[in-house]
Structure formats: structure tokens, C-alpha cells
Protein chains: 2
Amino acid sequence: MSKRVTINDVAQAAGVSRQTVSRALNDKGEIDAGTKQRVIDAARELGYRPSRFARGLVRQDTTTIGLVIPDLLNPFFTEVAAGALEAARARGWHVIVYDTADSVDTERGTLEVVASQVDAVVGYFSLDEAELDTHLSGLPAVLIGREHRTPRFSSIRIEGAAGVREAVDHLFAKGHRRIGMLDYAGRAEPSIRRAWFADAMTAHGLADDAVGTAVQSVDGGTEALTGLLAQHPSLTAVFTFNDIIAIGALRAARRLGRTVPDDLAVVGFDGLQLGTVVDPALTSVALDTRRVGTLAIEQAGRLLTDAPLLPDEELQVNAVLVVRESA
Amino acid sequence: MSKRVTINDVAQAAGVSRQTVSRALNDKGEIDAGTKQRVIDAARELGYRPSRFARGLVRQDTTTIGLVIPDLLNPFFTEVAAGALEAARARGWHVIVYDTADSVDTERGTLEVVASQVDAVVGYFSLDEAELDTHLSGLPAVLIGREHRTPRFSSIRIEGAAGVREAVDHLFAKGHRRIGMLDYAGRAEPSIRRAWFADAMTAHGLADDAVGTAVQSVDGGTEALTGLLAQHPSLTAVFTFNDIIAIGALRAARRLGRTVPDDLAVVGFDGLQLGTVVDPALTSVALDTRRVGTLAIEQAGRLLTDAPLLPDEELQVNAVLVVRESA
DNA sequence: GCACGGCCCGTGAACGTTCACGGGAACGTT
DNA sequence: AACGTTCCCGTGAACGTTCACGGGCCGTGC
């Protein structure tokens with residue numbers, strides 16, 4: 001690792017001072033066209049690249065955001081990340097992406113280093129707020145898809161009660177009376193989406209007794225629906241925790257000889273682009289994932305400056321039913 | 001924006017010197033347990049976070065890589081990005097991701113700023129090497145999926161001739177004689193994959209005359225196959241530029257009443273995970289996308305240190321046929 | 001002839017942290 | 001009593017850049 005080329009090396013090579021080199025390379029003006037060219041040539045000749053650290057130290061302008069997600073290959077997080085990247089690019093900000101590989105330990109590890117690398121952090125975290133706080137040591141943070149309990153944090157809420165209600169309304173209107181659900185198997189307690197579904201069912205006076213759980217994968221959805229239908233053969237429709245599981249359910253239905261949506265209606269959650277490539281296209285309670293990412297970045301920006309924070313009601317993304325083909 | 005809390009503020013609050021604060025916060029040792037705790041408390045009290053710029057200036061250890069891709073929502077790039085993130089995490093490196101939104105102007109814009117933010121850059125670029133060079137001003141760079149012409153750059157090659165040959169062999173063995181192709185419509189000249197296909201076809205003495213082009217989307221694939229089959233109804237198999245287009249082709253076949261693979265075999269390229277969620281699962285000439293990302297990061301690391309670069313033959317990812325259900 | 005303004009360039013200082021070094025106090029050893 | 005060790009802590013310097021300021025030179029106007 002040879003010695004670094006500094007601005008002084010360029011200055012010496014061009015026969016001028018530091019400041020003149022700085023002026024030439026930053027289009028500052030107050031410099032003769034001839035010497036400017038001479039400096040530029042010298043810089044290129046020596047392979048000079050300014051140190052981002054030295055530059056960042058004196059001008060406090062560049063902002064870098066950390067984006068922490070459990071798994072970039074999960075299409076939901078991909079879409080959120082894309083939204084965040086777009087919003088950041090519009091502001092000229094930089095985004096360092098951390099994939100925690102669905103591991104709590106990896107999450108801890110990244111949190112440890114993220115605090116010293118970015119100006120604010122945004123993302124999906126699984127740790128509780130107390131531990132987050134100790135790891136982040138005061139770093140501004142925006143939690144996505146999860147309520148914050150302490151004023152220490154800010155968060156982007158996902159509100160799906162109305163959307164799920166819409167979905168059940170839709171199924172009910174189509175004549176469905178036996179509707180099951182495939183919940184997420186990853187946590188101990190039932191999900192909030194499960195609660196939304198229960199509310200919508202009881203609102204219609206329907207029995208809410210056919211519920212299975214699926215792990216987070218297409219295969220998980222396939223297995224889960226197969227099991228659920230074995231237990232409850234009379235089901236004519238099923239609502240799933242998310243689109244990935246729904247796509248697995250689609251496959252299970254086909255393998256069981258049930259055509260969708262005639263023999264079995266399927267409604268997912270998230271509204272991923274992925275739902276449009278399968279056949280039949282997936283009906284889903286859709287989230288504006290791009291907006292989730294955008295909001296998170298926006299709020300992070302507010303935290304970074306003295307600008308007023310986004311009001312609570314804007315920090316919410318509402319899911320709406322998108323009817324495609326599967327229901 | 002209130003004044004920044006510096007290490008001196010903490011030192012003053014704790015009644016010690018800079019250095020002692022530094023020792024306490026970095027677990028350096030040579031410090032009394034009591035004062036260490038006192039410093040930590042004072043730091044937390046004041047909300048002190050060390051400046052990454054000042055720190056980076058003096059210890060030259062943290063490395064940051066820029067990853068430039070045209071579109072994170074394109075599953076191929078998502079997988080490459082995931083591979084790169086994983087490799088970077090294993091090394092303790094940070095990755096700033098830039099999505100150029102499939103726009104050459106955006107690519108120019110990011111190249112302009114990327115040089116001053118990262119230690120090396122890796123990714124898919126559409127600009128020619130000359131322009132890349134002027135924008136990057138000496139920044140180490142690894143080009144993915146594209147040959148480098150000048151020693152200025154390094155690159156990761158994608159070699160698919162053998163894999164495509166495998167695919168055609170497979171189709172031939174299954175009795176297919178009329179095999180078409182859907183090439184990429186985005187560029188003026190035919191793609192290299194088109195050439196690989198042509199070679200494989202002539203090797204079997206088959207006519208290579210049924211070729212259409214598709215834009216980069218599922219819908220594009222659907223339209224393109226519909227058109228191709230209208231022109232060449234006798235086709236019994238089709239090879240596509242990539243999996244996205246293939247999935248569109250799958251849908252077109254179904255709409256035309258052709259069951260896959262019996263009435264029409266479909267073979268894609270890339271081997272995306274996405275190909276396993278559609279039905280029938282997509283047979284594809286598969287790339288190890290994770291390895292593409294990993295290699296790029298590895299080579300970037302070599303460029304950054306004095307370690308010897310990866311030999312040419314290792315900088316290549318070979319596609320192999322993965323037979324699933326569609327052919 | 002002199003003052004003044006514009007153009008071009010250089011010098012000290014500052015940004016906030018870590019490194020290298022030195023030094024005092026307490027303790028034990030001879 | 002003198003000396004060496006260990007433990008703990010502080011001070012100058014350095015990292016590489018930009019900012020604020022000052023100053024020389026040349027041309028212009030009165």
C-alpha cells in the first residue's frame with residue numbers, strides 16, 4: 001500500500017499552492033485558466049483523488065443513511081429498498097445497505113458498526129427498543145413497519161385493517177362464507193394481520209376458525225395450505241399473511257386440483273410486483289412499498305435537520321385491496 | 001443545527017483529557033475502570049457520537065465499496081447485489097448502493113459523486129470505458145458482465161456458450177427441431193447470447209431463423225412470444241434472452257392454449273429464484289448470481305490492496321443448464 | 001502621480017479524531 | 001534509601017482538506 005497522493009503532492013507537481021489546487025479541482029473560480037489546466041493535468045498524472053474523510057471533516061454537507069433490512073432477496077424488502085434508494089438519490093444522499101441475513105446476531109453486529117458510519121439509520125429491526133438504543137448510541141433512527149414505544153425513535157406504521165376488511169368484503173360479496181387464513185409461523189404470538197382478519201370476519205358474522213401458519217417462503221405457503229385444506233376441506237377462500245405465502249398457496253391449490261379462483265379464492269398481502277407475474281395474477285391487500293421507503297428517508301432527513309418531523313398521520317401507509325385474478 | 005458535540009466536550013464534562021475519552025470509548029485499556037464508566041456516562045449524557053470523518057482520517061481502516069446497478073427491482077440485479085452485500089459483510093466492508101434507474105444520465109450523475117464517496121466501485125455500467133475513466137478519475141473499478149478493453153479496468157465475465165449449448169442439446173434430445181429465440185430488444189445489435197444460441201443451433205444442423213426481440217419485462221416476453229408464434233407456428237421450443245422474458249413467454253403460451261412443456265418448451269437464461277415460483281417452474285441456463293457479486297467484491301478488494309489480482313480464468317462465471325419443468 | 005478595484009494566488013487556521021510519547025504516582029524490590 | 005515497574009493519564013503532532021483572510025500585480029480613472 002504505497003503512500004497516499006495528497007493535495008500537496010499535486011501542488012508541488014504543478015508548482016502552485018494547496019489552495020490553488022483546491023480551486024482548480026472544485027471549479028471555484030479565482031484562478032487562471034492556464035494554471036487550472038496545469039493543475040488538472042498534474043492531478044490526473046499523479047492519480048490524485050481527494051480524501052473523502054478530510055473533505056467531509058471540513059464541509060459538513062454529505063449525508064449518508066444506513067438502510068438495514070433482514071433479507072434483500074425477500075421481494076418486499078427489495079421494493080422498500082428501491083423506494084428508499086430513489087428518495088435518497090433525489091436528495092443527493094448516499095445509502096449504505098446492510099442485509100442482516102435474518103439473523104439477530106448479524107443485526108447486532110451491524111448495529112455496532114452502523115453508528116460510526118452513517119448520519120441516520122432506517123430499516124426493519126427485530127431487537128427491542130432498549131437494546132437498539134444501547135447499540136445505536138444516539139443515532140437518529142426510523143423504524144419501519146413497527147410501532148415505536150419510546151420517543152427515542154420514529155417509525156413508519158403499516159395500517160391494514162381497512163384493507164383486510166375490504167378483502168373480506170370482496171370475498172363475502174362473491175359468496176364466500178368459509179374463509180381460512182395462513183398466518184406467519186415465524187413468531188410466537190399471532191400477527192397483527194391475523195387480528196385484522198379476525199375483526200373483519202366477525203364483522204361479517206363469519207366463523208374464524210380455519211387458521212394455519214406458514215414459514216416465510218413459497219414452499220412454506222404450499223405446505224401450509226395443503227395442511228389447512230386437509231383439515232378444513234370446505235374452505236372456498238384463503239387469506240394469507242403475505243404474497244410469498246400466497247404464491248405458495250396458489251401452487252398448492254393447483255396441485256390439489258383446485259382451480260383458482262373458481263374452486264378456491266386466494267388473497268395475499270403486500271401487493272408485490274411478484275404477484276403480477278404468477279398465473280393467475282394475485283389479488284392482494286397492497287401496500288405502496290415505494291412510499292414506505294420514501295417516507296422512511298424523508299423522516300430520517302427531518303431528524304437530521306431542525307425541520308419539523310412529519311406529523312403522525314402522515315407516517316402511515318394504508319393498505320388497499322388490489323383485485324387481480326386470484327379472487 | 002446546533003453545534004456538534006466533540007470529544008473535547010465529553011472530556012471537559014468528565015474532567016479528563018481527549019485521549020482518556022478516546023481510550024474509554026474504544027476499549028483501549030490503560031484506563032481506570034471508574035473513570036472509564038464516568039466518561040461513558042458523560043458521553044451518553046451529551047449524546048456524543050464520534051465523527052466518522054475525523055476517525056477515518058487518522059485510521060485508514062474502513063473501506064467502502066460503491067455498487068452501481070441499473071435497477072434494483074430487476075431480480076437479476078437484486079441477486080447480484082445480495083451476493084455483493086454478503087461478501088462485503090464477511091469482510092466488514094460497507095456498500096453504498098446506487099440505482100441508476102436505467103438512465104444513462106443518472107449513471108453519469110452517480111459516477112460524478114461516487115468517486116468522492118467510496119474506495120472502489122463495482123457494477124453494471126452502460127457508458128464506454130473512455131467516459132467511465134474520465135468520470136471515475138482513477139477510482140478502482142470492476143465491470144460486471146462485460147469485457148474490459150483497457151487495462152484500466154477489471155471485469156467479471158459471464159460465459160454462457162457451453163450452457164446454451166447444453167440447453168439446445170437438451171431440447172434436441174427431447175425431439176425438438178424447430179426452436180426459436182427471443183432476444184433482447186434494448187440494444188441495436190444482437191446480444192452475445194443470441195450468438196451463443198446460433199452456434200448451438202448450427203452445431204446441431206438446425207435452422208436458426210425464428211428470432212424475435214422482447215423488451216425487458218414480463219409483458220414484453222408475452223408480446224414477443226405471441227408475435228413469434230404467429231410468424232412461426234411450427235415452433236415447439238423457444239429460448240429466451242433471460243428469465244423475465246421467459247416468464248412472459250410462459251404466460252403467452254398458456255393464453256394461446258399451448259401447455260408447457262408438452263406443446264411448447266421454454267428455456268430461460270439467468271436461473272433466477274423467480275423461476276421457481278412460476279408454474280411450471282422455469283428451465284433455465286443458470287448463472288450463479290451470488291458468485292457474480294462475490295467475485296466483484298473480491299476483485300475490488302484485490303485492487304485496493306497490493307494483493308495479486310484474481311487470475312483471468314477465475315474472473316468468469318459459467319452458466320449451466322438447470323432443468324426444471326418448462327423444458 | 002496616486003488611489004482604487006479586479007484578478008490571481010498563497011498562508012495560517014480549523015475540522016475532530018487517534019498515535020506516539022512522556023510523565024507522575026503508587027507500589028514493590030534490593 | 002534508591003531504583004525499577006506498573007498503572008493511569010495528558011500533551012503535541014499528524015491525518016488531508018477547505019475557509020477566511022491577506023497581499024501582490026496590473027489596469028483604469030481622476
Side-chain angles (χ1 to χ4, degrees), chain A residues 1-40 42-43 46-64 113 115-119 137-139, chain B residues 1-40 42-43 46-64 113 115-119 137-139:
Chain A
M1 194 79 94
S2 51
K3 201 81 188 69
R4 184 187 182 92
V5 179
T6 82
I7 198 174
N8 284 314
D9 299 329
V10 178
Q12 191 167 354
V16 294
S17 74
R18 287 188 316 236
Q19 184 59 18
T20 302
V21 175
S22 178
R23 275 190 271 255
L25 266 39
N26 296 330
D27 284 321
K28 281 285 183 181
E30 298 200 9
I31 186 173
D32 181 78
T35 54
K36 177 171 178 175
Q37 190 55 49
R38 191 152 41 91
V39 168
I40 290 178
L46 295 177
Y48 168 69
R49 278 181 305 121
S51 154
R52 67 171 178 280
F53 295 116
R55 173 173 289 178
L57 192 55
V58 49
R59 14 192 272 207
Q60 314 275 24
D61 49 3
T62 58
T63 64
T64 304
V113 304
S116 64
Q117 289 294 326
V118 300
D119 301 307
S137 63
L139 189 74
Chain B
M1 196 75 98
S2 51
K3 203 78 188 72
R4 184 187 181 94
V5 179
T6 83
I7 198 174
N8 284 314
D9 300 328
V10 179
Q12 190 167 355
V16 295
S17 74
R18 287 189 316 240
Q19 184 59 18
T20 302
V21 175
S22 178
R23 276 191 272 254
L25 266 37
N26 295 330
D27 285 320
K28 281 286 183 179
E30 300 200 8
I31 185 174
D32 180 76
T35 55
K36 176 171 179 176
Q37 189 57 47
R38 192 153 39 91
V39 168
I40 290 178
L46 296 177
Y48 168 69
R49 278 181 305 121
S51 154
R52 66 170 178 281
F53 296 117
R55 176 173 288 176
L57 192 55
V58 50
R59 9 192 277 206
Q60 316 275 26
D61 48 4
T62 58
T63 63
T64 304
V113 303
S116 64
Q117 289 294 326
V118 301
D119 301 307
S137 63
L139 189 75

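Remember, it's a predicted structure, so these values are computed and weren't measured experimentally. Order of the sequence lines fixes the chain letters, A, B, ..., with proteins taken first and strands second; residue numbering starts at 1 for each chain.
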C/dT18 phosphate, OP1 or OP2: any side-chain N/O from B/Ser22 under 4.0 angstrom? yes
Distance test, side-chain N/O of B/Asn26 to OP1/OP2 of C/dT18, below 4.0 Å: yes
Calculate the interatomic distance between A/Phe53 atom CZ and C/dT18 atom P; express it in whole Å. 13 Å
To the nearest 0.5 angstrom, please state how far the OG1 atom of B/Thr20 sits from the NZ atom of B/Lys28. 13.5 Å
Separation of D/dG16 P from A/Arg4 CZ (nearest whole Å): 7 Å
Mind calculating the distance between CD1 (B/Ile7) and C1' (D/dC15) to the nearest angstrom? 15 Å
Could you check whether the side chain of B/Arg18 and the base of D/dG12 have a donor-acceptor pair of N or O atoms closer than 3.5 Å, going by distance alone? yes
Using heavy atoms to find the nearest nucleotide of DNA chain C for B/Arg23 and A/Glu30 separately, return the residue whose nucleotide is more 5′. A/Glu30
Considering the terminal five base pairs at each end of the helix from C/dG1-D/dC30 to C/dT30-D/dA1, what angle separates the two local helix axes, rounded to 10°? 60°
Can you tell me if the side-chain N/O atoms of A/Thr20 get under 4.0 Å from OP1 or OP2 in C/dC9? no
Interatomic spacing from CZ in A/Arg18 to OG1 in A/Thr6 - rounded to 0.5 Å: 10.0 Å
What is the distance from atom CD of A/Gln19 to atom CD1 of A/Ile31, rounded to the nearest 0.5 Å? 9.5 Å
When rounded to the nearest 0.5 angstrom, what is the spacing between CD1 in B/Ile40 and OH in B/Tyr48? 12.5 Å
Under 4.0 Å, counting only non-hydrogen atoms across every strand here, what does A/Lys28 touch: a base, just sugar-phosphate, or nothing? sugar-phosphate
Can you measure A/Asn8 atom CG to C/dC9 atom P for me and round it to whole angstrom units? 17 Å
Rounded to the nearest 0.5 Å, what separates atom OG1 in B/Thr64 from atom CZ in A/Arg52? 4.5 Å
Atom-to-atom span, CG of A/Leu57 to C1' of C/dC15 - whole angstrom: 4 Å
Rounded to the nearest angstrom, tell me the gap between atom CZ in A/Arg59 and atom C1' in D/dA20. 16 Å
If you assign A/Gln19 and B/Ser51 each to the DNA chain C nucleotide with the nearest heavy atom, which residue ends up on the more 5' nucleotide? A/Gln19
Of A/Tyr48 and B/Ile31, whose closest DNA chain D nucleotide lies nearer the 5' terminus? B/Ile31
note: B/Arg52, atom CZ; C/dG16, atom C1'; distance rounded to Å ~ 13 Å
Would you confirm whether A/Arg4, through its side chain, and A/Arg49, through its main-chain N or O, come within 3.5 Å as a donor-acceptor pair? yes
Find the distance A/Gln60:CD to D/dT17:C1' and express it as a whole number of Å. 12 Å
Rounded to the nearest 0.5 Å, how far apart are CG of B/Asp61 and CZ of B/Arg55? 9.0 Å
